[in-house]
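Some notes on the structure that comes next.
The chains referred to below are lettered A, B, ... by the order of the sequence lines, with proteins before strands, and numbering in each begins at 1. Only heavy atoms go into these numbers, but all of them, side chains included; no hydrogens, no water, no symmetry mates.
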4 protein chains.
Amino acid sequence: MLQEKRKEITRTKILNAAKKVFAQKGFSNTSIADIVKKSRLARGTFYLHFQSVEQVLNALLQEVFMEIQRNLTELQVESLDQKHFKIGLSALAKSLLNVFQERKEIVGILLTTMNSDTKIRMQTIWFQEFLQASIRVMFDRGIASGRLRKFDSELMSYLVSGGLREVLGQWILYGRYKDSIEQKVDEVIGIYMNGVELNA
Amino acid sequence: MLQEKRKEITRTKILNAAKKVFAQKGFSNTSIADIVKKSRLARGTFYLHFQSVEQVLNALLQEVFMEIQRNLTELQVESLDQKHFKIGLSALAKSLLNVFQERKEIVGILLTTMNSDTKIRMQTIWFQEFLQASIRVMFDRGIASGRLRKFDSELMSYLVSGGLREVLGQWILYGRYKDSIEQKVDEVIGIYMNGVELNA
Amino acid sequence: MLQEKRKEITRTKILNAAKKVFAQKGFSNTSIADIVKKSRLARGTFYLHFQSVEQVLNALLQEVFMEIQRNLTELQVESLDQKHFKIGLSALAKSLLNVFQERKEIVGILLTTMNSDTKIRMQTIWFQEFLQASIRVMFDRGIASGRLRKFDSELMSYLVSGGLREVLGQWILYGRYKDSIEQKVDEVIGIYMNGVELNA
Amino acid sequence: MLQEKRKEITRTKILNAAKKVFAQKGFSNTSIADIVKKSRLARGTFYLHFQSVEQVLNALLQEVFMEIQRNLTELQVESLDQKHFKIGLSALAKSLLNVFQERKEIVGILLTTMNSDTKIRMQTIWFQEFLQASIRVMFDRGIASGRLRKFDSELMSYLVSGGLREVLGQWILYGRYKDSIEQKVDEVIGIYMNGVELNA
DNA sequence: CATGAATGAGGATTCATTCAT
DNA sequence: AATGAATGAATCCTCATTCAT
């Protein structure tokens with residue numbers, strides 16, 4: 001019992017150290033040695049908990065993935081079938097922003113890791129596809145319910161996921177919209193819903 | 001004279017070898033040794049032409065950057081101030097698609113490298129910002145000319161650049177829309193211009 | 001505890017191996033690879049203990065430096081202020097000879113390294129200056145006490161340190177005076193004290 | 001004829017470049033590449049004139065060796081058998097100082113190279129022994145002529161050559177006695193001739 | 001004679017991994 | 001469970017040397 005707790009503590013030390021190092025040097029430039037040094041544990045200890053740097057990254061990402069996934073499904077169910085579609089969307093977005101806010105560091109790592117490293121691609125691709133599928137389902141429901149016009153919802157899911165990723169990156173990685181990010185949510189929704197062209 | 005030609009050939013051999021290796025293993029997992037092996041040149045020869053893997057990547061990226069930049073400015077000037085705004089946009093997009101088509105390999109590398117490796121970030125960020133600025137200028141002109149409604153053109157430039165990047169990735173990296181990519185152009189323009197909501 | 005002992009043993013193995021290689025090939029021609037090979041340890045092990053060949057040499061030299069320094073100060077204090085100045089000097093010299101005798105190998109390395117390699121110069125210069133200063137102080141005391149005539153004691157310290165270094169080199173490096181080195185001590189003192197000219 | 005002159009010029013360029021690099025980085029740290037770069041010649045050209053860095057050093061040293069040797073023999077013959085022994089010695093020393101003065105750079109290289117690098121030792125040892133033999137012969141003549149008391153002239157030659165080398169080093173390498181070196185000559189002779197002890 | 005591109009051996013350094021304590 | 005010394009493969013990089021022009 002005591003030993004298990006101890007083990008858990010050590011594991012957490014490794015994860016925290018890794019989080020810092022990843023954020024600093026980027027995933028692909030961090031070695032096991034780096035993590036070990038930052039964690040102030042012994043080299044051998046690392047291997048009692050993980051077998052590679054990738055595994056550590058995975059462990060970190062899983063955390064966020066699950067959190068996001070939980071929020072997403074929960075909120076979708078709750079809000080999107082309501083009459084006030086846009087309001088629901090807005091609520092969903094803001095809820096996700098909270099998750100990102102709280103996990104800034106890992107989200108940053110995720111953003112710089114997605115699509116890049118082949119070793120890790122499988123994990124992130126799975127997540128990306130999950131996101132895109134979620135978005136697409138939303139749109140399909142919108143179309144089915146007659147609220148949205150007919151359009152290629154798959155294509156749209158790419159546009160939206162990519163667009164949001166970029167905005168997220170600007171916020172998390174480059175500090176843009178520092179305190180005003182929430183205010184942008186409705187503007188984004190407006191753009192995707194009604195476009196930017198003036199009605200003739 | 002002959003010697004210079006020989007040097008140029010060797011340089012190209014390195015670049016081609018690197019292109020293949022990058023595409024296969026990803027930038028951050030390729031060592032100088034990998035490139036040398038693929039190029040079938042001597043280890044020392046590499047250093048006569050480049051000093052690091054990053055420099056090789058840069059050389060490859062510069063090529064595409066310049067090509068894109070050339071197309072972008074040229075076409076913007078030609079077409080965007082005309083009456084037929086959407087038609088101009090469509091032409092621009094299709095012209096860029098050609099560039100991407102012809103440089104599939106490098107564009108793929110660019111897509112998986114952007115935002116990821118800190119060593120290379122400077123190059124790609126510069127390019128990304130150039131793209132976003134170009135997009136933004138387009139929208140600002142649209143607003144000024146009264147064709148577009150007033151909106152946050154900076155935010156929009158992130159949404160569009162990210163969205164297009166994602167679509168591009170789906171096409172180049174995962175083979176989606178293999179032969180139908182051109183047909184999607186107008187649909188994308190439609191979405192950004194008029195949104196997806198049904199006019200009540 | 002045991003592990004620390006093991007580490008110490010390994011370190012000593014490296015030092016001993018280095019000592020042999022330095023003696024054989026000279027400092028500036030020995031590579032880390034050479035030392036590793038001679039020590040029969042793994043390449044990586046070297047870096048757990050030292051970071052460069054210079055550091056190894058330093059470790060070796062420090063040993064002798066300290067030993068000499070200890071002898072020098074101890075003996076100076078004990079003997080040089082006595083009435084029998086020359087006898088004291090003679091004792092000091094013979095005591096140093098013992099140190100050199102016991103550390104022949106390292107002293108040899110020191111002799112061939114002093115003044116030569118810029119990378120190592122700082123260490124040896126420091127030592128050389130310490131020696132010269134010690135010698136000079138001796139002479140200054142001799143002058144002050146009226147036992148010696150007035151002369152440029154700094155210049156003299158160069159003459160003596162250089163002269164003794166050369167004799168030492170002849171002994172250690174080229175095997176001259178193999179067993180008769182002690183007998184030369186008094187002759188050297190005689191020369192420096194009274195010169196070689198016949199009193200007219 | 002023209003080609004020979006051209007060849008000679010190139011050779012000199014190499015020697016001059018080498019002189020500078022040796023002085024800056026020390027002999028054992030300079031590579032052929034270094035010399036080639038400094039000389040602004042092509043890599044291959046080097047091999048038309050020399051086959052190794054050692055050969056270049058030798059060529060440089062030979063120059064000084066011969067100059068010194070010439071001065072030494074010439075002056076010995078002229079002056080040392082005269083009545084005024086010390087005056088002759090003084091003249092000899094000052095003449096050598098001129099040689100050193102004019103070849104400061106190479107003499108500096110010689111001083112930091114002597115005894116150190118095994119690759120070059122043969123050359124410098126030969127020279128050192130020549131010097132010591134010259135000195136010894138002088139003393140032997142002095143003894144034979146009754147001007148000097150009987151002493152171990154070999155030992156003395158080591159003391160003197162080493163002492164002078166050290167003073168020379170202080171002058172050339174560390175800039176001591178910058179303009180007063182000539183004035184020290186007679187003081188040195190005085191020390192070796194009459195010692196430093198006060199006559200009781 | 002001079003050039004400089006290409007070579008590949010060899011040395012420096014890092015890294016993941018093992019294992020005795 | 002935790003430690004950290006040791007390992008050797010893999011990488012990076014430099015250097016002397018060759019050779020076609």
Give the rounded distance in Å between these two atoms: [atom1] of [X] and [atom2] of [N].
{"X": "B:Glu8", "N": "F:dT21", "atom1": "CD", "atom2": "C1'", "result": "18 Å"}
{"X": "D:Ile35", "N": "F:dT17", "atom1": "CD1", "atom2": "P", "result": "12 Å"}
{"X": "B:Lys5", "N": "E:dG4", "atom1": "NZ", "atom2": "C1'", "result": "18 Å"}
{"X": "A:Lys119", "N": "E:dC15", "atom1": "NZ", "atom2": "P", "result": "12 Å"}
{"X": "C:Arg40", "N": "F:dG8", "atom1": "CZ", "atom2": "C1'", "result": "16 Å"}
{"X": "B:Ile9", "N": "F:dA20", "atom1": "CD1", "atom2": "C1'", "result": "14 Å"}
{"X": "D:Asn29", "N": "F:dC15", "atom1": "CG", "atom2": "P", "result": "10 Å"}
{"X": "B:Ile32", "N": "F:dT11", "atom1": "CD1", "atom2": "P", "result": "11 Å"}

Do the side chains of C:Phe22 and C:Leu60 get nearer than 4.5 Å, heavy atoms only?
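Answer yes - side chains close enough.
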Heavy-atom check, side chain of A:Leu41 versus side chain of A:Phe46, under 4.5 Å:
no
Options [options], nucleotide nearest the side-chain atoms of [X]:
{"X": "A:Ala42", "options": "E:dA12, F:dG4, F:dA1", "result": "F:dG4"}
{"X": "C:Gln3", "options": "F:dG4, E:dT3, F:dA2", "result": "F:dG4"}
{"X": "D:Lys7", "options": "E:dA2, F:dT11, E:dG11", "result": "E:dA2"}

Are A:Glu63 and A:Arg103 close enough for a salt bridge, meaning some N to O gap below 4.0 Å?
yes
Does C:Glu67 come within less than 4.0 Å of C:Arg70, counting only side-chain N to carboxylate O?
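Between C:Arg70 and C:Glu67 there is a salt bridge, with a charged N closer than 4.0 Å to a carboxylate O.
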[N] - base-pair partner by Watson-Crick or wobble geometry, distances under 3.5 Å:
{"N": "F:dC15", "value": "E:dG8"}
{"N": "F:dA1", "value": "none"}
{"N": "E:dT14", "value": "F:dA9"}

Scan residues 33-46 of chain C for pairs that pass salt bridge (Lys or Arg N to Asp or Glu O under 4.0 Å), counting only residues two or more places apart or in two chains.
C:Lys25-C:Asp34
Taking for each residue the nucleotide of DNA chain F bearing the nearest heavy atom, is the 5' side occupied by B:Arg43 or by A:Leu41?
A:Leu41
With nearest nucleotide decided by heavy atoms, which residue, B:Asp34 or C:Thr10, maps closer to the 5′ end of DNA chain F?
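On the 5' side of the pair lies C:Thr10.
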Going by number, which of residues 44-63 of chain C have a non-hydrogen atom under 4.0 Å from DNA chain F?
C:Gly44, C:Thr45, C:Leu48, C:His49
Going through the distances and angles, do C:Trp126 and C:Gln123 end up as a side-chain contact (heavy atoms from CB on, under 4.5 Å)?
CA-CA 5 Å; C:Trp126 169 87; C:Gln123 313 301 322; 6.0 Å; no
Would you find a donor on one side and an acceptor on the other, under 3.5 Å apart, between the side chain of A:Glu8 and the backbone of A:Glu4?
no
